[in-house]
Amino acid sequence: MAIFIDSGNIEEIKTYHSMGIIRGVTTNPTILLQDGIKGGMAEIKRCSVDLAKLIHPYPLSVEVTTNDPRKMLEEALEMASWADNINVKLTIHGPDGELDNLTVIHELETKHNVRVNVTAMMSAQQCFVAALAGATYVSLFCGRVNNMGYNSMEELSKLRNLIDSFDLKAQIIAASTREILNIVEWLDAGAHIVTVLPKFMNGMIVHPYTKETVQQFLDDAAKGEGAK
Ligand code: G3P
């Protein structure tokens, strides 16, 4: 089980990486845009190479930027060549339900030895199909599943049973965190990995009662010094 960080911000990633608590990084075009990466493929490459180097040998997910299957394959091969710890993110299908993606995913995993993170999935069955196609990671967007009124924990538990029963190599990434509680509850429900937004990392660590207790220790230490 592991925690990844869902961010393209190198300073935030450095903070948690230097604590030794994250085992990988996931990005997508929305995250990169939010983190100010706006210079097209050249900028994605620069940022990805820096991040991959920082966290090596832990994995970094980088997502393709096209819906054209031929270009998708080319981009994925190019991205995977930037560093040996980069895996490539492809969505399970296109915006109109196009099915070519799974063929590209299967080809990348079986013919080109590229590790694929299949993303933007909202159900156990989508993730199961992606795992059958050979994906290394299957990303279930648990927060969005909950937003739609379904129970992401049930999906995670069903999916973990299928992956274990079929002896598939895929690791489940529970993504789309909405609150701190998600991290432990999704791992508990069957996720191998939860990818966490930086704002929730701090919330996992800092507790108001711990602050008060630490202050008490510091105050008493100072009083003890004064009593010498
Ligand atoms: O890792 C995928 C995740 O970033 C999607 O999250 O918040 O856009 O549903 P969200």
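These figures come from a predicted structure and were not determined experimentally.
Under the ring pair (Phe, Tyr, Trp, His ring centres under 6.0 Å) criterion, no residue pair touches residues 61-84, with sequence neighbours excluded. Among residue pairs with one or both ends in residues 158-170, those qualifying as salt bridge (Lys or Arg N to Asp or Glu O under 4.0 Å) are E109-K169, E155-K158, R160-D164; sequence neighbours excluded. Screening residues 100-134 for ring pair (Phe, Tyr, Trp, His ring centres under 6.0 Å), with sequence neighbours left out, gives F128-F166. Each salt bridge (Lys or Arg N to Asp or Glu O under 4.0 Å) pair with one or both residues in residues 73-92, not counting sequence neighbours, appears once here: R70-E74.
Every residue meeting the side chain to side chain contact (heavy atoms under 4.5 Å, CB included) condition with T213, not counting sequence neighbours, appears here in chain and number order: Y209, F217. Residues passing the salt bridge (Lys or Arg N to Asp or Glu O under 4.0 Å) test with D96: none are found, sequence neighbours excluded. Residues satisfying the side chain to side chain contact (heavy atoms under 4.5 Å, CB included) criterion with H17, sequence neighbours excluded, are I22, L54, I55, Y58. Residues passing the salt bridge (Lys or Arg N to Asp or Glu O under 4.0 Å) test with E11, sequence neighbours excluded: K14.
In this structure, the side chains of Q171 and V138 stay at 4.5 Å or more apart for every pair of heavy atoms. Residues N85 and P57 have side chains not in contact (no heavy-atom distance under 4.5 Å, counting atoms from C-beta outward). Looking at heavy atoms from C-beta onward, V118 lies out of side-chain contact with Q126 at the 4.5 angstrom threshold. Between C127 and I172 the shortest side-chain heavy-atom distance does not fall below 4.5 Å. Side-chain contact check for M204 versus I3: some heavy-atom pair is nearer than 4.5 Å. Between S7 and P198 there is a side-chain heavy-atom pair separated by less than 4.5 Å. Contact annotation: the side chain of N67 approaches that of P95 to within less than 4.5 Å [non-hydrogen atoms, C-beta and beyond]. Contact of the M122 side chain with the R144 side chain is registered, since non-hydrogen atoms from C-beta on lie closer than 4.5 Å.
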Verdict with reasoning, V88 to E63, per side chain to side chain contact (heavy atoms under 4.5 Å, CB included)
CA-CA 6 Å; V88 184; E63 188 160 333; over 6 Å; no
May I have the step-by-step check of side chain to side chain contact (heavy atoms under 4.5 Å, CB included) for T119 and N28, ending in yes or no?
CA-CA 9 Å; T119 190; N28 63 36; over 6 Å; no
Start with the C-alpha distance between I205 and I21, add both sets of side-chain angles, then the distance that settles side chain to side chain contact (heavy atoms under 4.5 Å, CB included), and finish with yes or no.
CA-CA 11 Å; I205 302 165; I21 58 180; 4.2 Å; yes
As a quick check of understanding, evaluate side chain to side chain contact (heavy atoms under 4.5 Å, CB included) for D6 and T177, giving each step before the final call.
CA-CA 9 Å; D6 209 14; T177 41; 5.6 Å; no
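Linking ILVMFWY side-chain heavy atoms closer than 4.5 Å, directly or via other members, places V196 and I10 in a single hydrophobic cluster. Taking hydrophobic clusters as Ile, Leu, Val, Met, Phe, Trp and Tyr residues chained together by side-chain heavy-atom distances below 4.5 Å, V114 shares a cluster with L168. Put simply, L90 and I31 are part of two different groups of oily side chains (I, L, V, M, F, W, Y) that touch within less than 4.5 Å, one to the next.
Smallest separation of non-hydrogen atoms from F200 and E179: CZ-N, 3.7 Å. Pairing each heavy atom of I92 with each of A130, the nearest pair is CD1-CB, 4.1 Å. Nearest heavy atom pair, residue V62 against residue T27, reads CA-OG1, 3.8 Å. Contact between N117 and S139 at its shortest, heavy atoms only, is OD1-OG, 2.8 Å.
With values rounded to the nearest 0.5 angstrom, L73 atom CG is found 11.0 Å from T103 atom OG1. Residue S176 holds its OG atom at 8.0 Å from CG of L197, rounded to the nearest 0.5 Å. Note: M72 CE to T65 OG1 = 10.0 Å, rounded to the nearest 0.5 Å.
At distances below 3.5 Å, not a single donor-acceptor pair connects side-chain atoms of H93 with backbone N or O atoms of L99. Side-chain atoms of S157 never come within 3.5 Å of backbone atoms of M153 as a donor-acceptor pair (strictly under, hydrogens ignored). Judged by distance alone, the side chain of T66 and the main-chain N or O of D68 form a donor-acceptor pair under 3.5 Å.
Residue F4 shares its hydrophobic cluster (ILVMFWY side chains chained together at separations under 4.5 Å) with Y137, I173, I193. Taking Ile, Leu, Val, Met, Phe, Trp and Tyr as hydrophobic and joining them when side-chain heavy atoms fall under 4.5 Å apart, one finds L181 isolated, its cluster having no other members.
Residue S61 forms a side-chain hydrogen bond (donor to acceptor under 3.5 Å, both in side chains) with just one option from T195, T136, N87, T26, and that option is N87.
In the displayed structure, Q125 atom CD is contacted under 6.0 Å by at most 12 heavy atoms of other residues, nucleotides or ligands. Enclosure of atom CE in M19 by more than 12 non-hydrogen atoms of other residues, nucleotides or ligands within 6.0 angstrom is indicated.
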Taking only distance into account, with no hydrogens and no angle test, what donor-acceptor pairs under 3.5 Å do side-chain atoms of residues 183-191 form with protein atoms, sequence neighbours excluded?
residue : atom : partner : partner atom : Å
E185    : OE2  : N182    : ND2          : 3.0
W186    : NE1  : S152    : OG           : 3.4

Mind listing the side-chain donor-acceptor pairs of residues 33-51 below 3.5 Å, one per line with the distance, residues two or more places apart or on another chain?
residue : atom : partner : partner atom : Å
D35     : OD2  : G8      : N            : 2.8
D35     : OD2  : N9      : N            : 3.3
E43     : OE1  : R46     : NE           : 3.1
E43     : OE2  : R46     : NH2          : 2.8
R46     : NH1  : D50     : OD2          : 3.3
S48     : OG   : I44     : O            : 2.6

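Side-chain N/O atoms of T91 and N101 include a donor and acceptor closer than 3.5 Å.
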